[in-house]
Each structure stands twice: as C-alpha cells, then as structure tokens.
Amino acid sequence: MSTKHANPQSEQPLILAFCCHYCAYAAADLAGSMRLQYPDNVRVLRLPCTGRVEINYIMAAFERGADGVIVAGCLEGGCHFQEGNLRARRRVERAKVLLGEAGLEPERLEMYNLSSAEGGRFAEIVTGMSERVTRLGPSPIKPDPEQVKSGMKKMDQEAQAQLAAAPSGCCS
Amino acid sequence: MIVADRKKVPEIRDMIAKHNKVLLVGCGTCVTVCLSGGEREVGILGSALRMALRLGGRPDVTVDECTIERQCEDAFIDILAQRVAGYDAIVSFGCGAGVQALAERFPETPVYPGLNTQFIGILESQGVWTEKCSGCGNCRLGEYAGICPITRCAKKLFNGPCAGSRGGKCEVNPELECAWQLIYDRCKALGILDKLDAIAEPQDWSTGLDGGPRKVVREDQCIAGLGPKA
C-alpha cells in the first residue's frame with residue numbers, strides 16, 4: 001500500500017502522545033468511558049511519568065514518521081514523582097529548539113498538563129493538536145512506509161542477534 | 001572535567017556539506033558527564049542532523065552514530081578503526097583533544113568538531129557548570145586557600161582585591177562572585193588570614209600556553225628505547 005501518511009486509513013496526520021500513567025493516560029481512559037469523540041489518529045504511549053521522556057524519544061518519533069507529538073503529564077505540583085512533569089517540560093522546550101534548528105516546525109511538539117479527571121480536556125488536547133498539525137501539513141521528514149518497515153525488520157534482526165549472542169543464564 | 005557545549009545543527013550540517021556518509025563519534029568521558037557529547041547527546045544530534053539534511057534536500061546522506069569510552073587515547077580509538085573506513089567524514093563529539101586525536105589516528109578522513117570546548121570546570125548545580133582551572137601549569141592554589149585567582153578573578157589579580165569588589169560581587173559582572181572576597185572569607189574561616197599579608201610574587205607564565213603546546217613526560221612510563229611520543 002502506498003500512502004503519504006503512516007496512517008493508511010485516512011489522510012489525517014499521525015500524532016504520538018506520550019501519556020503519564022497517573023494523569024493523561026487515565027484521562028484518555030475516562031474520555032473513552034464518557035464516550036467522548038476525538039480524532040483516531042493519536043497513538044497513546046503510556047509512561048510511568050512524563051519525566052521518563054527523553055529528548056531522543058521525541059526526535060525518534062519524528063524521524064520515524066510522527067507528524068506531531070504530544071507530551072501529556074500531570075498538573076504542575078501534582079506529579080506522582082514530584083517533578084517529572086517539570087523536567088519533561090524543560091526537555092520539550094529543548095527539543096523544540098533542536099527541531100527549529102533542524103528546520104522542522106517546533107509547533108508539531110507540545111507539552112500539556114492535565115489531571116486524571118479531565119477526560120474532556122484530553123479529547124480537547126488531541127482535537128486541537130490534530131487540527132494544528134493538519135494545518136501544518138504532513139511532516140516533511142516522514143519516511144517512506146516501506147523504509148519504516150525495512151528499518152523495523154532490521155532492528156528486529158539486530159535484537160534477535162544480540163539475544164542469540166548473549167551468554168545464557170544472564171537474563172531470566 | 002573538560003566542559004563543552006554543542007554546536008548548532010545548521011553549523012554541523014554546513015560542515016559536512018561535501019560528504020555523503022558521516023559518522024558521529026561520541027566520547028564516554030568528560031563530555032558525557034557534562035551532557036554534551038555522550039551516547040545520548042550524539043543520538044539526539046544525529047536525529048536532528050538527519051532531519052536537517054532531509055529538509056535541506058540531502059536525504060541520501062547517511063549519518064550514523066557511535067560512542068567510544070575515551071576519544072583522547074589511541075587504545076580506545078582503535079575500536080573505531082574498521083568502522084571509520086566506510087565513512088567519508090567524522091564529526092567528533094569529544095573535546096578539542098578528542099577531535100585532534102581522531103584526526104591524527106585517521107589521516108585520510110576529514111574530522112570536524114561537533115562541540116565547542118569551553119573550559120576545565122565542575123558541576124556547580126544540576127545543569128550548571130563553572131570554570132575552575134585555567135591549566136596554567138604552575139598551580140598556586142595553596143597560596144590562596146584553594147580558590148584560583150587566575151581563573152576566578154576577572155582581572156587575574158595575585159594581590160587583590162581590586163576596588164571593584166562590591167558586596168562580594170565583581171564589577172565586571174554583577175552576577176560573578178568576587179574571587180578575592182571568597183579567598184578572604186575562606187582564609188578567615190581557616191584562620192590563615194596572615195597568608196594574605198605577604199605580597200605575592202608574579203606568576204611564572206613560562207609554564208603556560210604562550211610557549212606553544214605543552215608536554216608532560218613520565219620517563220619511567222615511556223616504553224624503553226622508543227622515548228616519549230613526538
């Protein structure tokens with residue numbers, strides 16, 4: 001199948017959302033329970049805390065075909081790990097600088113804060129980001145889907161080779 | 001440790017404008033600790049560089065990354081030797097010494113700096129590094145209660161303070177602590193204020209950088225018959 005987007009079902013942009021387990025992920029769950037509608041082009045990736053987000057995760061997401069990236073953490077002052085969301089915000093700001101230097105619109109990346117009770121706000125965030133990224137158009141660095149597939153196959157082969165080469169008994 | 005800061009992505013992109021296969025080499029020592037040239041930072045810069053090249057109409061350029069334990073020693077650089085053969089150019093994310101060590105080891109491969117080496121310093125607080133040593137080759141910290149007037153006094157005064165010391169801050173930069181205030185306070189706390197009564201002798205700058213690059217030789221460590229490496 002040949003399509004400009006990595007999301008073959010539609011011409012919608014592909015958005016990756018790094019969601020904190022304690023807030024945004026629960027909010028996404030709540031949005032579902034509340035039967036709220038939001039664009040289906042968002043891929044939710046659950047993390048124990050947005051403090052787990054490294055800049056290279058964000059860069060890798062764009063390199064591998066995301067049109068937009070959301071980092072959604074707890075309300076400021078409400079982080080389960082005290083300051084993970086504050087660190088995430090600073091990393092997002094630095095990633096924006098790097099994206100700008102590389103020539104990609106920094107607006108494709110955004111950090112949001114919400115609580116687990118805000119299912120409606122999660123739907124709003126995703127809808128807003130989807131509209132924003134649609135306005136910006138597909139990411140100009142989006143790789144060819146076939147290239148992504150072959151890259152993933154190569155990574156899988158490398159991982160298998162590493163597992164095979166590992167001395168037995170070192171992992172359980 | 002040696003503290004460095006990354007170069008901007010467009011600068012690195014322009015440096016490698018004539019190359020099609022580029023290896024970014026990180027260093028696992030000082031620049032990893034100061035978060036500028038370790039494995040993670042090289043990965044981030046690699047991603048940004050690939051994006052910049054793709055957006056700049058050069059999507060076919062290959063940019064790969066690897067990080068070695070230490071760029072300033074041949075024994076560690078040797079690990080790279082086979083890999084480097086397949087690349088047109090190297091961008092070193094080591095300090096200036098690392099860049100030059102790679103250039104010496106691989107005379108046929110262009111080597112570019114990915115970092116701006118700044119100074120010898122310490123981690124002041126998380127994410128903040130400050131300069132502490134100028135590497136003058138003639139350490140006199142013992143005379144100044146462990147605070148270096150060469151590095152930390154903006155005027156490099158050996159017999160300070162000057163009249164520009166105000167409320168413990170330097171007149172050159174109000175955010176800068178006056179090194180001589182620090183020296184005075186520390187001497188007082190240690191009960192050695194009398195050290196400051198003597199007029200300090202001028203520094204012997206012959207050990208400094210002005211005479212060209214310096215060399216330290218440990219004869220007992222040199223391989224017999226070969227002498228120190230030129």
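Chain A is the first sequence line, chain B the second, and so forth, proteins listed ahead of strands; every chain is numbered from 1.
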Colleague: Of all the heavy-atom pairs spanning Val9(B) and Ala102(A), show the shortest one and how long it is.
Modeller: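 Result for this residue pair: CG1-CA, 4.3 Å.
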Colleague: In terms of heavy-atom proximity below 4.5 Å to chain A, should Glu11(B) be classed as side chain, backbone, both, or neither?
Modeller: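 Neither the backbone nor the side chain of Glu11(B) comes within 4.5 Å of chain A.
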Colleague: Tell me whether Tyr184(B) at atom OH has more than 12 heavy atoms from other residues, nucleotides or ligands lying less than 6.0 Å away.
Modeller: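 No.
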Colleague: More than 12 non-hydrogen atoms from neighbouring residues, nucleotides or ligands closer than 6.0 Å to CD on Glu158(A), yes or no?
Modeller: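 Buried by this count: over 12 neighbours within 6.0 Å.
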Colleague: Using non-hydrogen atoms and a 4.5 Å limit, figure out which bit of Leu99(A) sits close to chain B: side chain, backbone, both or neither.
Modeller: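 Only the side chain of Leu99(A) comes within 4.5 Å of chain B.
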Colleague: When only pairs under 4.5 Å are counted, which of Ile58(A), Val97(A), Leu98(A) shares the most heavy-atom pairs with chain B?
Modeller: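 Ranked by contacts with chain B, first place is Leu98(A).
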Colleague: With a 4.5 angstrom heavy-atom cut-off, is it the side chain or the backbone of Arg90(A) that approaches chain B, or both, or neither?
Modeller: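 For Arg90(A), neither part sits under 4.5 Å from chain B.
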Colleague: How about Tyr87(B): does its OH atom have over 12 heavy atoms from other parts shown lying under 6.0 Å from it?
Modeller: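 Counting neighbours around OH of Tyr87(B), more than 12 heavy atoms of other residues, nucleotides or ligands fall under 6.0 Å, so yes.
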Colleague: Counting only heavy atoms not in Lys21(B) (residues, nucleotides, ligands), do more than 12 fall under 6.0 Å from its NZ?
Modeller: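 Yes, the 6.0 Å shell around NZ holds more than 12 heavy atoms from other groups.
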Colleague: Using a cut-off of 6.0 Å, state whether more than 12 heavy atoms not belonging to Glu73(B) lie near its atom CD.
Modeller: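 Yes, enclosed.
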Colleague: Taking all atoms of both residues into account, what is the closest heavy-atom pair of Ala60(A) and Ser47(B), and its distance?
Modeller: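 Looks like N-OG, 4.5 Å.
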Colleague: Step through the shown structure and confirm whether more than 12 heavy atoms of other residues, nucleotides or ligands are within 6.0 Å of CZ on Arg214(B).
Modeller: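 Buried by this count: over 12 neighbours within 6.0 Å.
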Colleague: Looking only at non-hydrogen atoms, find the nearest pair between Met51(B) and Met59(A) and report the distance.
Modeller: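 Smallest interatomic distance, heavy atoms only, reads CE-O, 3.4 Å.
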Colleague: Using a heavy-atom cutoff of under 4.5 Å, enumerate the residues of residues 50-57 of chain A that contact chain B, numbered in order, or state 'none'.
Modeller: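 Listed by number: Glu54(A), Ile55(A), Asn56(A).
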Colleague: Between Glu101(A) and Arg6(B) (salt bridge meaning N to carboxylate O under 4.0 Å), is one present in this structure?
Modeller: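 Looking at Glu101(A) and Arg6(B), the cut-off is met.
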